[in-house]
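Beneath this line is the structure, given in structure tokens, with notes to follow.
Note that these values count all heavy atoms, side chains included, but never hydrogens, waters or copies made by symmetry.
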Number of protein chains: 2
Amino acid sequence: MSTIRDVAKEVGCSTATVSRALSHPEKVSKASLKRIHAAIEKLQYRPNMLSQQFRNKQANTIVILVPDIANLFFSTVISGIENVAQSKGFNVLLGDTRDSSEREKNFIKLVETKQADGVIQLRPYSKNSMLPKKFVTAVNACGCEDTPYPAVRIDNADAARQVTEHLISLGHKKIGLISGLTDNPHTIDRLKGYKQALAQAGIEFDPALVAEGDFTLWSGLNASEHFIRMTDRPTAIFSMNDEMAIGAMKGLKAKGLKIPEDISIAGFDDLEFSKYSDPPLTTVAQPAEKLGEKSAELLFQLIDGETSAQNEYVLPVEFIIRQSTAPPRS
Amino acid sequence: MSTIRDVAKEVGCSTATVSRALSHPEKVSKASLKRIHAAIEKLQYRPNMLSQQFRNKQANTIVILVPDIANLFFSTVISGIENVAQSKGFNVLLGDTRDSSEREKNFIKLVETKQADGVIQLRPYSKNSMLPKKFVTAVNACGCEDTPYPAVRIDNADAARQVTEHLISLGHKKIGLISGLTDNPHTIDRLKGYKQALAQAGIEFDPALVAEGDFTLWSGLNASEHFIRMTDRPTAIFSMNDEMAIGAMKGLKAKGLKIPEDISIAGFDDLEFSKYSDPPLTTVAQPAEKLGEKSAELLFQLIDGETSAQNEYVLPVEFIIRQSTAPPRS
DNA sequence: CTGTTAGCGCGTTCAT
DNA sequence: ATGAACGCGCTAACAG
């Protein structure tokens with residue numbers, strides 16, 4: 001591999017001029033510029049980024065901590081982040097943490113050792129979270145309430161309340177809930193909204209109507225079986241995400257239940273395929289790509305040392321009524 | 001942030017000793033080692049990896065080119081790669097290429113500029129592929145036949161032949177095929193195996209029995225509708241991956257067809273949920289994690305300059321018969 | 001076992 | 001507009 005010196009020698013100028021030609025072309029004469037580019041082409045010169053980064057004390061890289069790269073919602077958030085990062089000339093390192101704090105720690109170490117300039121965490125904050133840490137510029141892209149570091153989020157409780165209110169307004173009184181893991185912050189926030197809506201309507205909360213899932217399709221399917229076995233089955237189900245809702249629909253239909261005639265179901269996230277499910281799913285659209293973009297912008301503000309940065313952004317959601325919800329059989 | 005010099009000053013030794021304490025502790029006295037570690041702790045010293053990498057001319061990073069990070073098969077291959085990389089102390093950069101060669105090019109540039117030491121490509125090779133390139137150490141983890149650079153793969157044709165032979169041995173003569181995109185190398189290899197099996201059994205290949213999909217669940221569903229509309233419907237279907245098979249099963253069942261009584265179906269990949277599908281899917285298990293591990297090992301051999309490295313590994317598959325295939329109605 | 005010295009490739013002064 | 005010189009933080013070679 002040729003270095004900047006080889007190019008300088010080829011052109012017959014100093015390395016400083018070559019460097020300038022690349023970083024500040026306006027400070028170099030047209031003539032030199034031309035010859036330098038010719039030499040670069042001829043020698044197949046590629047600046048050694050390791051050297052540049054070392055010199056500039058910036059890796060031009062951010063890390064995204066993703067609990068599950070196969071999750072469609074996360075993929076969309078990642079897209080948003082990548083859009084912004086690319087326009088800033090930053091690389092994006094995807095940290096596939098698989099919900100392991102050990103693996104998370106390793107990725108965070110990349111920032112401590114300067115291999116990356118900042119972190120975007122997609123896992124909502126909880127006590128056992130690695131972040132925040134000293135020396136680590138970080139932002140949460142899928143925040144929950146009371147995240148103790150800069151975060152972008154939606155109002156989960158409010159959104160869950162809207163869904164539940166919708167079901168109540170259709171006339172449902174027994175509303176099943178497919179939750180995420182009990183200690184997941186999003187579960188907690190959304191459960192809060194679910195309870196709020198029930199309370200407002202004077203319906204008592206019934207723990208027997210809650211089936212715990214883990215946000216995967218299969219856990220939704222299992223949850224549906226829980227409801228099917230009940231003697232006094234709910235007439236509607238609110239699933240804390242679309243994947244579980246789709247799993248549940250599969251389970252319910254397999255047992256011969258018609259949706260929404262026999263049982264209504266609503267989800268959360270608005271995945272791409274939720275509008276193609278059978279029937280199309282009533283759900284809450286999270287601005288997933290926007291969450292990614294906003295969090296990336298926020299992170300770059302912090303990296304650039306802008307202290308004025310607001311440290312919480314709550315983005316609006318969109319409640320979408322499709323064909324999976326209807327009034328209960330009278 | 002403190003540097004190696006601060007630590008040396010604190011301890012009262014030279015920077016070289018501190019450096020050795022970290023990289024070659026056996027060359028440093030116990031006493032010094034102890035004081036150095038104390039100083040590191042006190043000063044919260046973290047070696048600047050940018051500097052190390054620059055000095056060592058190694059980023060200790062490999063890039064995985066992934067066409068679709070939300071694909072379950074790829075996630076598993078990635079796991080395998082990460083296992084090996086971690087044990088080698090390498091970082092893994094996930095290049096989410098979304099099938100865009102523009103994005104692929106950007107990630108490959110990371111190697112050209114030394115920010116990464118090698119590439120593992122998950123997309124099978126085809127003419128328009130960016131790799132191989134000069135100065136870029138690369139390996140393909142999901143190879144097809146005639147990949148022009150080091151690759152790890154399964155024998156796609158042979159596996160497809162096995163599946164088709166199984167269906168033929170059950171007594172099927174009209175065997176539908178749900179293929180991937182026509183120009184996808186895996187489609188080509190698997191189609192070859194399908195045709196071989198038919199030829200061996202003296203069954204003529206009928207293009208009308210081939211429905212083109214794109215490896216997504218939805219394309220499998222669409223394909224099923226194609227078969228349902230046929231007047232002389234196949235009694236069995238071979239789908240080139242499990243996702244399409246599951247989509248097709250959904251479509252067939254929706255039209256009241258029973259699987260396998262009315263129609264048999266076999267897939268390819270053995271996704272985690274294929275054993276839970278209804279009915280459990282007959283399929284070919286790809287050693288996805290092994291493909292990842294083997295390709296990573298191969299890449300590290302190349303990075304370490306081992307020229308003796310074999311440049312193609314064909315890993316065995318496992319054909320798994322479950323309940324989605326049975327003899328045709330007589 | 002330890003210190004001294006030199007230099008990796010680049011960008012940025014400060015001269016000219 | 002250009003060049004000479006320096007140094008970023010670290011490690012390897014050599015000498016002691």
Respond yes when some side-chain nitrogen or oxygen of A:H24 is under 4.0 Å from OP1 or OP2 of D:dA1, and no when none is.
no
Could you tell me how the ring of B:F300 sits relative to the ring of B:F90: parallel (under 30°), tilted (30 to 60°) or perpendicular (over 60°)?
perpendicular
Can you name the one residue among A:I78, A:L65, A:N71 that meets side-chain contact (heavy atoms from CB on, under 4.5 Å) with A:L122?
A:I78
One should read off an interatomic distance between A:T216 OG1 and A:D68 CG, to the nearest 0.5 angstrom, of 9.5 Å
Do A:Q58 and A:Q52 pair up side chain to side chain, a donor and an acceptor below 3.5 Å, judged on atom types alone?
no
On the nucleotide C:dT2, are OP1 or OP2 found under 4.0 Å from the side-chain N or O atoms that B:S32 carries?
yes
B:Q52 side-chain N/O to D:dG9 phosphate OP1/OP2 under 4.0 Å:
no
With sugar-phosphate meaning primed atoms plus P, OP1 and OP2, does A:S19 contact a base, only sugar-phosphate, or nothing at under 4.0 Å between heavy atoms?
base
Considering heavy-atom distances to DNA chain D, does A:R35 or B:V18 have its closest nucleotide positioned more toward the 5' end?
A:R35
Kindly say if A:T17 contacts the phosphate of D:dG3, meaning a side-chain N or O under 4.0 Å from OP1 or OP2.
yes
Can you tell me if B:S51 touches the phosphate of D:dT11, counting only side-chain N or O atoms and a distance under 4.0 Å to OP1 or OP2?
no
Looking at every strand, decide which applies to B:K27 at a 4.0 Å heavy-atom threshold: base, sugar-phosphate, or nothing.
base
Side-chain N or O of A:K114 versus OP1/OP2 of D:dG9: is the shortest distance under 4.0 Å?
no
Separation of C:dG3 P from B:R5 CZ (nearest whole Å):
15 Å
